[in-house]
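One structure below.
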Amino acid sequence: MDVVEALKIVKKALTIERYEHTERVVDTARKLANIYNEDMEKAEIAAALHDYAKYRDPNELKRWILREKGLPKDLLQYHHELWHGPVGAYLLRVEHDVTTTSILDAITYHTTGRANMTTLDKIIFLADYIEPGRNFPGLEEVRNEAWKDLDKGCYLALKNTIMFLMNKNQPIYPNTFQAYNDLNKRIKE
Ligand code: DGI
Ligand code: FE
Ligand code: FE
């Protein structure tokens, strides 16, 4: 699969707005891959596919989580926004024969992050966060850092998200805290 085929697949699965977001994530991921020496093909394919399951009905996503032993059941205790990454990676494997583990992992963790993120995980996580169509408080600081230090960029994005969710009295998925703690340690080393 190349990025052209990946984009063709998601175009059918997404709204036009979400597709345009996806194109901007691909563009941003390419820039980050270039700076941080990541495999360009992997970065653009993972970026193209990252929101594949975003518009599946939450009830369908829930059914897959209950049925598939590889999908963590604790997701169901948290916001359904967190389901499209892990289920998307699963569906890409069964519906489109995507088998590259590093790409599927980057898609799985693109919303929450995780401890010990790979460079590809970080690129997709951050590209999704800073793509030029986004606009929310604190974003400029993350954008500036993203081009200088990948770990710090991800750290600031995670910190922003955690504070945002806390201010709304929302629960926070453990992977997000684990990603935050892991990068907090790394940026001090
Ligand atoms: O799919 P996108 O809209 O492009 O972006 P996304 O996959 O990063 O979705 C993120 C939304 O999920 C964001 O608005 C915050 C929300 N969210 C809810 N609970 C959590 C969470 N994000 C993280 N990182 N951790 C959570 O526990
Ligand atoms: Fe997403
Ligand atoms: Fe996205």
Side-chain angles (χ1 to χ4, degrees), residues 3 6-7 9-11 13-32 43-58 60-62 64-65 71-92 98 103-117 120-139 142-143 146 153-184:
V3 67
L7 283 170
I9 289 169
V10 296
K11 193 164 198 174
L14 303 176
T15 62
I16 184 67
E17 290 77 19
R18 180 63 42 180
Y19 181 73
E20 287 169 2
H21 155 74
T22 298
E23 289 183 311
R24 293 190 297 269
V25 175
V26 171
D27 206 53
T28 308
R30 281 190 179 121
K31 290 180 183 155
L32 292 170
E44 54 192 8
I45 293 169
L49 299 175
H50 83 281
D51 274 338
Y52 177 66
K54 184 85 176 176
Y55 292 103
R56 298 290 175 112
D57 189 294
E60 185 196 342
L61 298 177
K62 188 180 191 170
W64 287 120
I65 293 168
L71 291 169
K73 310 301 159 229
D74 67 345
L75 283 169
L76 299 174
Q77 310 300 317
Y78 295 83
H79 201 281
H80 60 75
E81 270 293 331
L82 302 186
W83 303 350
H84 70 283
V87 179
Y90 166 74
L91 291 173
L92 284 160
V98 180
I103 291 177
L104 294 174
D105 280 350
I107 295 167
T108 298
Y109 301 107
H110 85 265
T111 305
T112 60
R114 60 167 164 170
N116 302 309
M117 288 168 85
L120 187 63
D121 291 349
K122 291 173 196 166
I123 286 172
I124 302 307
F125 174 81
L126 205 52
D128 190 27
Y129 197 88
I130 67 169
E131 62 92 346
R134 301 278 202 202
N135 180 24
F136 41 79
L139 188 51
V142 182
R143 282 200 177 113
C154 288
Y155 175 76
L156 289 178
L158 286 158
K159 182 177 156 189
N160 250 348
T161 301
I162 289 170
M163 294 200 302
F164 168 80
L165 292 167
M166 282 188 155
N167 278 322
K168 294 202 306 172
N169 294 300
Q170 296 284 319
I172 293 158
Y173 193 59
N175 274 350
T176 303
F177 274 132
Q178 285 160 5
Y180 170 87
N181 287 340
D182 176 55
L183 290 171
N184 177 278

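Read the numbers this way: they start at 1 and go in the same order the structure lists the ligands and their atoms. Quick note: residue numbers are just sequence positions, from 1.
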Measuring to the Fe ion (ligand 3), does Glu131 have an N/O/S atom at a distance below 2.8 Å? no
Does the protein place a non-hydrogen atom closer than 4.0 angstrom to atom 15 (C) of ligand 1? no
Centroid-centroid under 6.0 Å between Phe136 and Tyr129 rings: yes
What protein heavy atom is closest to atom 27 (O) of ligand 1, reported as residue, atom name and distance in Å? Tyr173 N, 2.8 Å
Indicate yes or no: does an N/O atom of His84 lie under 3.5 Å from an N/O atom of ligand 1? yes
Does only the side chain of Thr111 get under 4.0 Å from ligand 1, or the backbone, or both, or neither? Count heavy atoms. both
Can an N, O or S atom be found in His84 less than 2.8 Å away from the Fe ion (ligand 2)? yes
closest protein heavy atom to atom 1 (O) of ligand 1 is Lys54 NZ, 2.7 Å
So for His21, does at least one of its heavy atoms come nearer than 4.0 angstrom to any atom of ligand 1? yes
Please state which protein non-hydrogen atom is closest to atom 11 (C) of ligand 1 and give its distance, to 0.1 Å? Glu81 OE1, 3.9 Å
Any N/O/S atom from His110 (main chain or side chain) under 2.8 Å of the Fe ion (ligand 3)? no
Determine, using heavy atoms of Glu131 and all atoms of ligand 1, whether some pair is separated by less than 4.0 Å. no
Using only N, O or S atoms, tell me which atom of Asp51 is closest to the Fe ion (ligand 2). OD1
Atom 25 (N) of ligand 1 sits nearest the protein heavy atom Thr176 OG1, 2.9 Å
Could you go through Asp182 and Arg114, starting from their C-alpha distance and side-chain angles, then the distance that decides it, and tell me whether this counts as salt bridge (charged side-chain N to carboxylate O under 4.0 Å, His left out)? CA-CA 8 Å; Asp182 176 55; Arg114 60 167 164 170; over 6 Å; no
